[in-house]
Each structure stands twice: as structure tokens, then as C-alpha cells.
Number of protein chains: 2
Amino acid sequence: MVSKTDRIPATERREQILEAATRVFGELGYAGATTDRVAKAAGISQPYVVRMFGTKEQLFIEVLERTCTLIIEALDRAVADEASEKPVGPRIGEAYVHLVETERGVLLALMQGFILGHDPNIGPVARRGFLRIYDRMRDVMSADEAMRFMAQGMLINTLIASNLTIRIDEDERVDELFACTFGDKLGLVLEGLNRTA
Amino acid sequence: MVSKTDRIPATERREQILEAATRVFGELGYAGATTDRVAKAAGISQPYVVRMFGTKEQLFIEVLERTCTLIIEALDRAVADEASEKPVGPRIGEAYVHLVETERGVLLALMQGFILGHDPNIGPVARRGFLRIYDRMRDVMSADEAMRFMAQGMLINTLIASNLTIRIDEDERVDELFACTFGDKLGLVLEGLNRTA
DNA sequence: CCGTGAAGTAATCAGTCGATTACCACTCCC
DNA sequence: GGGAGTGGTAATCGACTGATTACTTCACGG
């Protein structure tokens with residue numbers, strides 16, 4: 001039934017599942033997502049997902065940690081970018097906006113992790129992740145700037161999580177809010193949305 | 001089995017359930033919460049919860065709308081407060097912080113609604129709620145100020161949703177972040193946390 | 001060519017949860 | 001005092017879902 005090409009090394013398959021799970025968890029949340037939907041998104045069977053990660057909870061934890069790592073890496077690249085002569089603040093902002101258009105699932109999964117702070121197993125991972133990102137910001141800016149950056153990030157996360165993007169060009173209040181939030185990077189965002197849609 | 005005093009007019013009982021559901025949904029999210037937990041939190045049986053609101057989804061929608069209304073009312077009171085000679089911005093900030101310490105469940109439920117933007121029935125309600133709050137802010141401040149206020153609010157929501165408060169006085173980065181986020185209102189927040197704990 | 005391990009699935013089980021049904025208790029009014 | 005409406009529950013059902021089990025297929029080394 002299964003053709004030769006469907007058999008893939010476990011490490012590679014693992015990455016595929018994590019990627020699919022990021023999208024599924026990002027959209028539906030931890031409790032709302034099912035291992036079967038993750039499996040279907042990854043193109044494999046449900047039992048294989050469970051066997052590879054042990055439990056749904058463990059899968060989510062790995063998704064969450066990978067998510068934080070991806071974000072930090074993206075921000076690090078922006079900080080280290082020698083080519084740009086812009087100051088570090090705008091460069092980081094731009095990097096975050098870039099994540100919005102390319103890896104929306106990552107930001108959504110991050111958000112889904114943050115609101116599970118009460119959970120005895122996932123909560124600590126979420127808090128560590130939050131602080132990892134905050135720490136990275138603190139390395140290159142003041143506490144006040146870092147706080148504002150996080151605040152702006154949480155607003156952006158909320159805007160895309162609530163799907164307010166679908167009301168752009170439809171509700172002028174939404175247009176205004178997006179213009180204010182993304183500033184001169186608004187064009188990038190709109191472009192990214194068109195590409196996904 | 002049920003003593004006389006447990007029989008309560010439906011309208012009053014309805015409010016009790018909404019209050020309990022706000023706490024439960026706020027902590028566990030929509031998918032993570034069960035109608036049975038809401039029922040237990042309200043001190044009644046599970047079937048009664050379902051019968052009064054029709055479905056779990058409808059209950060959540062009513063919780064979400066009530067949540068937005070409560071927040072807007074609190075902000076309106078702050079705006080209308082003639083006694084204070086502070087400018088409107090700080091007054092609103094103070095009102096929001098006050099919500100953190102008195103009605104944490106409300107803010108958490110709001111957050112839980114926002115991240116359900118993909119849901120065909122709940123999503124529109126969440127977006128309307130977000131815009132209702134944003135609009136209210138726009139009545140009394142510039143678009144840029146309103147955006148910053150929303151961003152700060154989303155950061156505050158995330159901080160309490162992720163339960164980072166439990167690491168106050170334990171991790172100096174957390175202390176710093178909270179100090180920056182709440183500024184001169186930090187004392188109020190800490191006081192409120194002690195009272196709840 | 002055989003057997004061993006890796007990749008993967010079908011079938012199924014056990015628990016959970018939202019919803020439904022049928023019923024009970026009390027009050028008020030005629 | 002009886003029946004009609006209101007406030008409420010116990011029992012249960014059906015669907016869903018995470019996890020388990022047992023099986024299949026294939027590549028490869030000796």
C-alpha cells in the first residue's frame with residue numbers, strides 16, 4: 001500500500017511532524033488539536049505520531065521549545081546583520097514582522113503555549129520560553145525597550161490569532177490599527193497575506 | 001436533597017454561571033474546559049449549565065461578550081472620573097491594572113477568546129470584542145496611543161496567562177520585567193497577588 | 001537467502017465529555 | 001387540593017480521542 005518513497009528516516013520524519021504540529025497547535029490550541037489532525041497534516045497515521053513523541057503533551061512541549069528556538073534564531077540573525085546600517089531596534093522589529101508573513105504558525109503556537117501557564121507540565125516550559133526571548137532582547141537593549149518590544153510582539157500575535165487580518169480593507173478602524181502597529185513594515189505584512197491567500 | 005435556599009431565580013443563577021464560567025474558561029481555555037467543571041464551579045449540575053445556555057459554545061460566546069462589556073465599563077468609569085486630575089492615559093492604565101488584581105478571570109477569558117479567531121462562530125465575536133475595546137480607546141486618545149495601550153494590555157494579559165507571577169521575587173529578570181511593565185502601579189499588582197494567594 | 005531492525009499502519013480499547021431524557025421538588029394560584 | 005410552571009438532578013447515550021497492540025513491508029548485512 002505504501003510506496004517506497006513514503007519511507008523516510010525517523011529524524012527527518014520527526015521534523016516533518018513538528019512542523020505540521022506547529023501549524024495545527026497554532027490554529028486549534030493544545031486542547032483543541034487532535035493527534036489525528038497532526039498526523040493528517042504530516043501525511044502519516046495517528047499512531048505513528050503518538051509513538052514517536054510518547055504523548056500529545058510531550059509533542060506540544062517539543063513544538064513549543066522549537067518555536068522559541070526558531071524565533072530567537074531569527075532575532076539573532078537580525079542583530080548580527082552587519083550589512084544593515086539601521087539601529088538594532090528597527091532591525092529586530094523587521095525580523096519579527098518577517099516571521100508574521102513566513103511562519104505564522106510559529107507565532108500562533110507560541111501564543112498557545114503562553115496561555116497554558118496554569119498547566120503543571122507545559123506551564124514551566126512556556127515561562128522558560130518567554131524569558132529566553134526576553135533575555136535575548138535584554139542583551140541588546142534596555143529593560144524599557146525590551147518591555148515595549150515584547151508588548152508590541154504580543155499585540156501582533158493577538159492580531160493574527162484573532163484573525164483580524166480578514167477585515168483589512170473592510171473596516172477602516174482595522175486599517176488604522178494595522179498601520180499604527182506595523183508602521184513602515186505594513187507593506188511587507190500585506191504582501192505576505194496576499195501570498196498566503 | 002436540595003435545600004430551599006439552593007433554589008434561585010434563573011436570571012440570578014445565570015449570572016452565577018457566567019461568573020464561574022469566566023474563571024474556568026479563563027484558566028483552561030475553551031476546548032480545555034468542560035461544562036462539568038463550570039457546573040461544579042457554579043455549584044450546580046452539569047445538565048443545568050447546558051440547558052440554560054443551549055451549548056458550550058453559546059456559553060463561551062456569552063462569557064466573551066460579558067467580558068468585553070465589563071472591561072469597557074471599567075475603562076469608561078476611569079475616563080469619566082472627574083475627581084482625578086491626572087490625564088486620561090494614566091487613569092485608563094490604572095483601571096486596567098485594577099482589573100488584573102480584582103478580575104483576573106476576565107482578562108484571561110478575553111485572551112482565550114482572542115486566540116480562537118479561526119473558529120467560525122466564536123471568531124467573529126472575538127474580533128468584534130477587540131474592536132469594541134479599541135474603539136473606546138480611540139474616543140479618548142490618538143491612534144498611536146491607543147495602539148500602545150492595546151499592546152501593553154496584551155503583554156499584561158500574557159504575563160498573567162503564562163503565570164509568570166509565580167516567579168516574582170525568585171527571578172530578577174521577572175522582577176525587572178514586571179517593574180517596567182507596571183511602573184508605579186507595581187505595588188498595586190503585588191498587593192493584589194498577595195491577597196489572592 | 002535469511003533474519004533483524006527500522007518504518008509504518010489497521011484495528012481497537014478505554015476514558016471523557018457534551019448533550020438528551022426522564023424524572024423530582026417546590027410554589028403559587030384557582 | 002390539584003395542576004401548571006419553575007428550578008433542578010440522576011442516569012445515560014453517542015461521539016470523539018489518546019493510547020495500545022499486533023501486524024505488515026522493506027532494506028541490508030552476513
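Every chain is numbered from 1 and lettered A, B, ... according to where its sequence line falls, protein lines coming before strand lines. Computed from a predicted model, the values in this text were never measured in an experiment. The analysis underlying the following values was restricted to heavy atoms, covering all of them including side chains, and did not include hydrogens, waters or symmetry mates.
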### Query
Should the pair K56(B) and F25(B) be classed as cation-pi, given the thresholds of under 6.0 Å to the six-membered ring centre and 45° from the axis?
no

### Query
Are any side-chain N or O atoms of S162(B) and backbone N or O atoms of L159(B), one a donor and one an acceptor, separated by less than 3.5 Å?
yes

## Note on the structure
Taken in chain and number order and not counting sequence neighbours, the residues that satisfy ring-ring contact (aromatic ring centres under 6.0 Å, His included) with Y134(A) are none

#### Entry: Residue-level proximity of residues 52-67 of chain B to DNA chain C when a heavy atom falls under 4.0 Å
T55(B), K56(B)

### Query
Which of residues 14-47 of chain A have a heavy atom under 4.0 Å from DNA chain C?
I44(A), S45(A), P47(A)

### Query
Does R167(B) have any salt bridge (charged side-chain N to carboxylate O under 4.0 Å, His left out) partners at least two apart in sequence or in another chain, and if so, which?
D171(B)

### Query
For E101(B), what residues pass the salt bridge (charged side-chain N to carboxylate O under 4.0 Å, His left out) criterion, not counting sequence neighbours?
R195(B)

Interatomic distance where [atom1] belongs to [X] and [atom2] belongs to [N] [whole Å]:
X: R13(A); N: dT9(C); atom1: CZ; atom2: P; value: 7 Å
X: R7(B); N: dC28(C); atom1: CZ; atom2: P; value: 10 Å
X: I8(A); N: dT9(C); atom1: CD1; atom2: P; value: 11 Å
X: R51(B); N: dT9(D); atom1: CZ; atom2: P; value: 10 Å

### Message
Does R91(B), at its CZ atom, have more than 12 non-hydrogen atoms belonging to other residues, nucleotides or ligands within less than 6.0 Å?
### Response
yes

### Summary of ring pair (Phe, Tyr, Trp, His ring centres under 6.0 Å) pairs that have at least one residue in residues 33-54 of chain A, sequence neighbours excluded
none

